[in-house]
Amino acid sequence: MSDVILSHDLTLSGAKCAFDADVCEIATIAIANGYIRDISYAASPEPSFMEIDLSGYLVMPGLINAHDHLDFALFPRLGRPPYRNYIEWGEDIHRCFPEVIARYRSVPKDLSVWWGGVKNLLCGVTTVSHHNPLRPAMLREDFPVRVLRGHGWGHSLALGGDLPAAHVATPQGGVFIVHACEGIDAIARGELGGFDTLNLLNKDTALVHGLAIDEEGVTLVNKRSAALIICPSSNKFLFQRLPDITILRNIPNLTLGNDSPLTAQGDLLDEIRFIIHHCGVEAKIAYEMVTLAPAKVLRLKNCEGTITVGGTADLVVIRDTRVNIIERMPELSIENIELVLIGGHVQLVSEDLLERIPEGEKKDLEPLWVDGIVRWLRVKVEKLVYDTELILGKGEVRIGNRSVRAA
Ligand SMILES: [Zn+2]
């Protein structure tokens, strides 16, 4: 950490900072050009007109959502569970809910994915891995959150087409992400061997779900140094079964994804609470599964998931309740997310913190009403809501299990 005084774009002062799971100290974070340039413990930071006084608040790293389908952001949960595997589910919803599917598919994808970005932003996600082709909207500078790129992906063994070709097409140094073992029957159990036979199981592969992976499977995953992204609330909904964490925790590269609202309970914070309260995952492990672990698995290059000098200024602010970040994890939900910075810019701010934001950073923020709370977002909220309500109807826009409308 440097004590050289630089000209800073933005300074965050007075907040407790969660430098890692166990270390939380009051510090001043100086940001320039989107990166953290300095972290200082001095009592009197350099005065700056672009300063946010965060006394009484706690700064943590932006969260990383290792699995989502942004284009399904507006869908409700769909299914008549329990199913035995994902193929059964897919066939059943197309047979039983064609009108619902047609209704949400009538929303242009570039509109739907924007809501997917908003859903992630609201819960403090700053980087999301989207499973499906990247849309032009996601690559825009003004998209609400960062979307993983430079990776490869396939749907699954049964529905993924030519997976070896998709694997080969993965950019050098990128991760190959594919749904695997999503179910509880022999088909789901057999998929791990299927991937291995195709030489798709290796250090560059991240499997999504892995519900049917048993102890023998964990040994194979580890032998091949593959990673696993679990989405437990989705599994519980579809198969009425939870991933066995006592087995899966032996995979070193274990991370958490949110999956889409078609099957998941809510957003990434809902998913974190779910794995803590229903799967027996310790809060510290859960925290690492949305910070350090996905940064490594997804090959992020800018110290995402940490608060580090030289790292990207992707930060989330919650109220300081005088307990450490780990003790907060079992209770956090979108109501607690007061401020989100991505690349040093305010992307979301609560009404309570709005007055502390420098005028220059307030420009272009618009209020969104979400189930009774208001968040100011760097998103053209009014137009987004208007365009979506034109298709779905007034008051009919929901992301995850939450109603949204212009505030
Ligand atoms: Zn998925």
Side-chain angles (χ1 to χ4, degrees), residues 64-79 81 83-94 101 104-105 109 112-113 115-117 119-120 123 125 127-135 138 145 147-148 151-161 163 166-167 175-184 187-188 191-192 195 200 205-213 226-239 241-243 248 254-268 270-272 274-275 289-290 294 297-298 399-401:
I64 302 163
N65 180 0
H67 187 68
D68 202 334
H69 299 258
L70 301 182
D71 39 359
F72 299 146
L74 297 166
F75 274 79
R77 252 183 172 177
L78 272 189
Y83 299 100
R84 286 170 296 183
N85 58 58
Y86 62 100
I87 307 161
E88 249 186 34
W89 168 71
E91 289 171 351
D92 191 50
I93 61 169
H94 282 96
I101 293 170
Y104 289 96
R105 276 193 173 162
K109 275 200 174 168
S112 299
V113 300
W115 282 114
K119 181 196 79 168
N120 278 280
C123 69
V125 168
T127 300
V128 60
S129 171
H130 165 69
H131 205 91
N132 273 343
L134 291 177
R135 305 283 309 171
M138 298 174 192
V145 292
V147 180
L148 180 71
H151 64 294
W153 68 280
H155 185 278
S156 56
L157 207 55
L159 308 174
L163 289 184
H167 186 256
V175 61
F176 177 70
I177 306 172
V178 62
H179 296 112
C181 311
E182 187 185 3
I184 54 173
I187 292 175
E191 283 197 349
L192 198 63
F195 281 108
L200 295 178
T205 298
L207 307 174
V208 182
H209 289 298
L211 183 64
I213 295 178
L228 179 64
I229 300 163
I230 58 171
C231 310
S233 78
S234 173
N235 301 153
K236 179 76 168 70
F237 172 64
L238 292 183
F239 312 111
R241 191 169 300 177
L242 294 168
L248 298 182
L254 183 65
T255 72
L256 184 67
N258 178 207
D259 217 341
S260 83
L262 273 169
T263 54
Q265 178 172 276
D267 57 35
L268 189 67
D270 297 324
E271 201 71 37
I272 292 168
F274 188 89
I275 61 164
M289 286 170 76
V290 293
V297 168
L298 301 178
I399 43 175
N401 57 4

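Keep in mind that what you see is a predicted model, and the values were worked out from it rather than measured. Order of appearance sets the numbers: ligands from 1, and atoms from 1 within every ligand. Hydrogens, waters and symmetry mates play no part in the numbers below; they use all other heavy atoms, side chains included.
- Put simply, His69 gets within reach of the Zn ion (ligand 1), with an N, O or S atom under 2.8 Å from it.
- For His151 and His131, the gap between ring centers reaches or exceeds 6.0 Å.
- Using the six-membered ring where Trp is involved, His155 and Tyr86 have ring planes that are tilted, between 30° and 60° apart.
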Exercise for review: Just do the side-chain contact (heavy atoms from CB on, under 4.5 Å) check on Leu70 and Val147 with the steps written out, would you?
Suggested key: CA-CA 10 Å; Leu70 301 182; Val147 180; 4.2 Å; yes
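- Aromatic ring pairs are classed by plane angle as parallel below 30°, tilted from 30° to 60° and perpendicular above 60°; the pair His69 and Phe72 is parallel.
- The Zn ion (ligand 1) has His179 among its coordinating residues (N/O/S atom, backbone or side chain, under 2.8 Å).
- None of the N, O or S atoms belonging to His131 lies under 2.8 Å away from the Zn ion (ligand 1).
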